Amino acid sequence: PPFEYRIGARDVLTVSLFGQDPKYSGDVTVQPDGKITLLLVDEIGALGLTPLELKKELTRAYAKYFDEPIIMVRPKEIHSLKVFILGEVVRQGAYDLTDSMDVLQLIAQAGGFTPFADKEHIIIIRKEPLPDGKLDRTPFNYKKTLDPRSGLAIPLLKPGDQVHVR
């Protein structure tokens, strides 16, 4: 994917503890405080971790109860990764970010442009600021992108990106 997935609030994870009673495995939802609740280990922080980092934490926690626990953590439903589209599109709002989603796919999910949209002056605002503290504003020209001779790349989106269509 274009970014490293980090666990967020409301994400659903499948946690599997192999070779043990099935009651120790299953789906868990990350609570708003960033924790998940599991048998034996009770609550453990998951917010901001990668699945591999959480696996290591769970392995340490379950090692108190089982010899060499084998654990798998896999995202099942990702609800924390959003991108936003505003302005002259049919349905403004927040959309779940899928892996490798680009600007054109987001525009399509938003129902396309309104008749008043300026397709040549779309701005993508990135959540993380540039080193100088300013926001990363990337212009995107929809019309030029459709021209096969332009050679322009279609920008991939990252969590928190905002697309503004004038």
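It should be emphasised that the depicted structure is a prediction, and the values quoted were computed from it without experimental measurement.
A distance-only check finds a donor-acceptor pair linking the side chain of S25 to the backbone of L17 [under 3.5 Å]. Between the side chain of D147 and the backbone N or O of K144 there is no donor-acceptor pair closer than 3.5 Å. Counting only distance, with no hydrogens or angles, the side chain of Q92 and the backbone of G87 share a donor-acceptor pair below 3.5 Å. Looking at D11, its side chain does come within 3.5 Å of a backbone N or O of H79 through a donor-acceptor pair.
Atom CG of D67 sits in a sparse spot, with 12 or fewer heavy atoms from other residues, nucleotides or ligands closer than 6.0 Å. By the 6.0 Å contact criterion, NZ on K82 is enclosed, its count of non-hydrogen atoms from other residues, nucleotides or ligands being greater than 12. Counting heavy-atom neighbours within 6.0 Å of F84 CZ, excluding the residue itself, gives a total above 12. Around the CD1 atom of I154, the shell of radius 6.0 Å holds more than 12 heavy atoms that belong to other residues, nucleotides or ligands. Counted within 6.0 Å of CZ on F18, heavy atoms from surrounding residues, nucleotides or ligands total more than 12; the atom is thus considered enclosed.
Using a 4.5 Å heavy-atom threshold, the side chains of D42 and I44 count as separate. You'll find the side chain of V163 reaches within 4.5 Å of the side chain of I122, heavy atoms only. Side-chain contact check for L13 versus L54: some heavy-atom pair is nearer than 4.5 Å. You'll find the side chain of Q109 reaches within 4.5 Å of the side chain of M101, heavy atoms only. Between F113 and K119, some side-chain heavy-atom pair lies under the 4.5 Å cut-off. Residues V73 and L58 meet the side-chain proximity criterion, which asks for heavy atoms closer than 4.5 Å. The side-chain heavy atoms of T50 and E4, taken from C-beta on, include a pair separated by under 4.5 Å. Counting heavy atoms from C-beta outward, I7 and L47 have side chains that stay 4.5 Å or more apart.
The OG1 atom of T145 sits 9.5 Å away from the CG atom of D102 when rounded to the nearest 0.5 Å. We find the NE2-CG distance between H164 and D118 to be 14.5 Å, quoted to the nearest 0.5 Å. Here CD of Q20 is found 9.0 Å from CD1 of I70. Values are rounded to the nearest 0.5 Å. To the nearest 0.5 Å, the span separating CD1 on I124 from CG on L156 amounts to 9.5 Å. Here T14 contributes atom OG1 and E77 contributes atom CD; the two are 8.5 Å apart, rounded to the nearest 0.5 Å. We find the NZ-CG distance between K55 and L49 to be 14.5 Å, quoted to the nearest 0.5 Å.
Here the closest non-hydrogen pair linking V90 and G111 is CG2-O, 3.2 Å. Heavy atoms only, all atoms of each residue included: K35 and E43 are closest at CD-OE1, 3.6 Å. For the residue pair L97 and V83, the shortest heavy atom distance occurs at CD1-CG1, 3.8 Å.
Test L152, V165, L104 against F140 for side chain to side chain contact (heavy atoms under 4.5 Å, CB included) and you get one pass: L104.
Residues satisfying the ring-ring contact (aromatic ring centres under 6.0 Å, His included) test with Y95, not counting sequence neighbours, are none.
Q31 and T37 form a side-chain donor-acceptor contact under 3.5 Å, judged by distance and modelled atom types alone.
Two different hydrophobic clusters hold L86 and V103 under the rule that ILVMFWY side chains link at heavy-atom gaps under 4.5 Å. Residues I36 and V12 fall into different hydrophobic clusters, defined by Ile, Leu, Val, Met, Phe, Trp and Tyr side chains chained together at heavy-atom separations under 4.5 Å. One hydrophobic cluster, built from ILVMFWY side chains closer than 4.5 Å, holds both V30 and L38. The cluster map of Ile, Leu, Val, Met, Phe, Trp and Tyr, joined by side-chain heavy atoms under 4.5 Å apart, puts V89 and L146 in the same cluster.
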- Item | Full working for side chain to side chain contact (heavy atoms under 4.5 Å, CB included) between D96 and L81 | CA-CA 6 Å; D96 287 335; L81 302 179; over 6 Å; no
- Report the C-alpha distance between E53 and R6 in whole Å, list the side-chain angles of each, state the deciding distance to 0.1 Å, and finish with yes or no for salt bridge (charged side-chain N to carboxylate O under 4.0 Å, His left out). CA-CA 10 Å; E53 290 168 341; R6 297 217 168 250; 2.9 Å; yes
- Message: Does F66 form a side chain to side chain contact (heavy atoms under 4.5 Å, CB included) with L40? I'd like the steps, not just the answer.
- Response: CA-CA 11 Å; F66 305 109; L40 295 180; 3.8 Å; yes
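Side-chain heavy-atom separations under 4.5 angstrom define the hydrophobic clusters, and the remaining members of the one that includes I123 are I125, L135.
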